[in-house]
Amino acid sequence: MTAIQDTPGAAGAVGLQAAFDAALANDERIEPRDWMPDKYRATLIRQIAQHAHSEIIGMQPEANWITRAPSLRRKAILMAKVQDEAGHGLYLYSAAETLGVSRDELLDKLHTGRQKYSSIFNYPTLTWADVGAIGWLVDGAAITNQVPLCRCSYGPYARAMVRVCKEESFHQRQGFESLLALSRGTEAQHAMAQDAVDRWWWPSLMMFGPPDADSTHSAQSMAWNIKRHSNDELRRRFVDICVPQAEALGLTLPDPDLRWNEERGHYDFGAIDWDEFNEVLRGNGPCNEQRLANRRRAHDEGAWVREAAFAYASKHMEAKG
Amino acid sequence: MTRAFKNAATALGDDALVLAQRLGEWSGNAPTLEEDVALTNIGLDLLGQARFLLSLAGDEDELAYLREEREFRNVQLVEQPNGDFAHTIARQLYFSCYQELLYRELASGDSQTAGLAAKAVKEVAYHRDHAVQWTLRLGDGTADSHERMRRAVDALWRFTGELFAPVEGLDVDLPALRGEWLATVSQVLERATLTLPTGPDRTAWAAGAGRQGVHTESFGRMLAEMQHLHRSHPGATW
């Protein structure tokens, strides 16, 4: 679309909406200076902010194991991964800024509970194997969700996602490889890997959001080319990918109802406990309080550093005239 | 490989490993997202150096995970707890200025570490720049940040003398590097409106310091955390 800077009258507004609709119909990208409906803007801000918050809150459960990683090679891989997540947070906050909100505003909304992050990070990482399980399942689910976002209608978000997905795919592979080493290791290591998969499997399936029938934002997001596939469709795709991978790992998935359905060409799986999902969303997960409190503490403890950087920059800007 | 060379590789490897471990503790806790990326990145560079150096001395994981506190040869400066951001920056300033000089010397020599040093000196130049920029911002920022930075450079000063004690097997005249280090650090502190600490640059303890395997109390706790999982599964591979 071309930039339209003028303040439109009523007739102009109709034209702008028509141009926006045409761009979507042609599967073109909407760029920051293009006109867009307020609700489209608000939806994107909500989604990109939630995504950015998930990246930075998601650092916590994994950083929990950096100091205890059992080999120097694993420590290096984990540090690189957590650093990537901070980087993803940076690209995503920048993408949100193109819609007219600042990173500070968004962080404030996170810290005061007015914006959410992915519920998956409200589960604890209890053993080293959880780091592998997060890589394999949580990053795997994230990729399944995010690859279609590389074609999202909003340009800056789509472009950020291309880079994010490349890095996430490395994270998923290292998670799988780490679990494989455990599964093929000692009896205790194998048990550790199985226990982690048992605990992370169902929460990972919940990452795709509520069933299509109950998903409040889905229909509009699909009409706007922000979302390309439904929650249930993506969830099915993820299960189909994971089952053979679990077999390759020599681990089982904790679902007695999981079996291949020849007719549908997909795996059938058991009922998801949506009560747990809703409770965790409501703030009653095992780590909701802890994750947000840690985040606020780090931010508050860093306030004097940010103030110092600002004061220094102001002084030296003045000095330069 | 001579025993003396292994001693030197272990000493420098331990410095890098222990500082990487401390910087890893910042992950997710930094004052800004940019600093989360920067501190973890510096830690990763150091961890890479540590793995190379420790592999010259033996098996990297055996050395990192199965030695006792008294067997580590790192200087005490790198094991000091992170403290507030100013303490971390002061530790980075002192150490990166030292490491840059050391690697520059090693890179110009012909020992087995010359290749690593040539690569590492570029990484460390970035670490030094990061530390210098933050020393300036904190020293010449607000009254609060100035005071915090002053306390940090003072508190860590007594661990700086050890950096220039000779290391057996290391083909670098460390005492000779102290003059240039002091000039660099003084100049940075002056630009940051801080003054060079005047107290002693080492503790009065005849037992020695880190290079002799004599450490500070927090180090044992740091190792306990770092080593416990590896030691809980003897012989396992990860």
Side-chain angles (χ1 to χ4, degrees), chain A residues 52 55-76 78-87 89-90 93 103 107 127-128 178 181-182 184-186 188-189 192 294-295 297-299 301-316, chain B residues 17 20-41 43-44 47-48 50-51 54-55 60-61 63-65 84-86 89 133-134 136-146 148-149 222 225-238:
Chain A
E55 296 284 354
I56 64 167
I57 295 280
M59 292 165 72
Q60 288 184 36
E62 296 187 274
N64 185 32
W65 283 93
I66 285 180
T67 56
R68 295 177 288 171
S71 73
L72 296 187
R73 176 172 167 263
R74 293 286 173 204
K75 192 191 288 288
L78 185 57
M79 283 175 84
K81 178 173 194 281
V82 175
Q83 187 201 15
D84 282 350
E85 276 147 19
L90 280 174
Y93 285 120
R103 197 203 302 181
L107 283 175
T127 73
W128 167 252
S178 171
L182 294 176
R184 292 180 177 173
T186 65
Q189 286 176 305
M192 193 193 282
N294 272 342
R295 184 58 230 149
R297 180 193 45 73
H299 189 75
E301 284 177 6
W304 70 271
V305 177
R306 297 189 299 274
E307 281 159 20
F310 185 77
Y312 179 84
S314 310
K315 271 187 222 179
H316 290 264
Chain B
L17 173 65
Q21 176 76 7
R22 284 299 189 205
L23 289 172
E25 294 171 11
W26 269 107
S27 198
N29 293 302
T32 64
L33 213 39
E34 285 81 354
E35 280 310 296
D36 252 315
V37 174
L39 293 174
T40 311
N41 202 16
L44 263 174
L47 187 54
R51 294 182 65 193
L54 293 178
S55 297
E60 60 175 35
D61 284 339
L63 287 168
Y65 291 97
D84 67 2
F85 189 68
I89 291 302
Q133 294 307 321
W134 273 111
L136 297 178
R137 287 187 198 111
L138 299 182
D140 191 17
T142 63
D144 179 31
S145 71
H146 177 88
R148 285 173 183 262
M149 199 61 211
M222 192 208 88
E225 182 173 337
M226 184 174 97
Q227 296 180 334
H228 99 272
L229 176 59
H230 183 96
R231 288 182 177 226
S232 301
H233 297 265
T237 50
W238 301 92

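Quantities reported herein were computed from a predicted structural model and do not represent experimental measurements. Labels below follow one simple rule: chain letters A, B, ... track the order of the sequence lines, proteins then strands, and each chain is numbered from 1.
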- Query: Mind checking whether Trp65(A) and His228(B) have parallel, tilted or perpendicular rings, split at 30° and 60°?
  - Reply: tilted

What part of [X] lies closer than 4.5 angstrom to a heavy atom of chain A: side chain, backbone, both or neither?
| X | value |
| --- | --- |
| Ser27(B) | both |
| Ala50(B) | neither |
| Leu136(B) | both |
| Ala38(B) | neither |
| Tyr65(B) | side chain |

Closest contact, heavy atoms only, [X] versus [Y]:
| X | Y | result |
| --- | --- | --- |
| Val37(B) | Gly87(A) | CG2-N, 4.0 Å |
| Gly89(A) | Leu33(B) | C-CD2, 3.9 Å |
| Ala76(A) | Leu44(B) | O-CD2, 3.3 Å |
| Tyr312(A) | Asp140(B) | CD1-O, 3.6 Å |

- Quick one: do Arg148(B) and Glu307(A) make a salt bridge, cutoff under 4.0 Å? no

- Message: Quick one, Glu301(A) and Asp84(B) - any side-chain contact, counting heavy atoms below 4.5 Å?
- Response: no

- Query: Would you say Lys75(A) and Arg51(B) make side-chain contact, with heavy atoms under 4.5 Å?
  - Reply: no

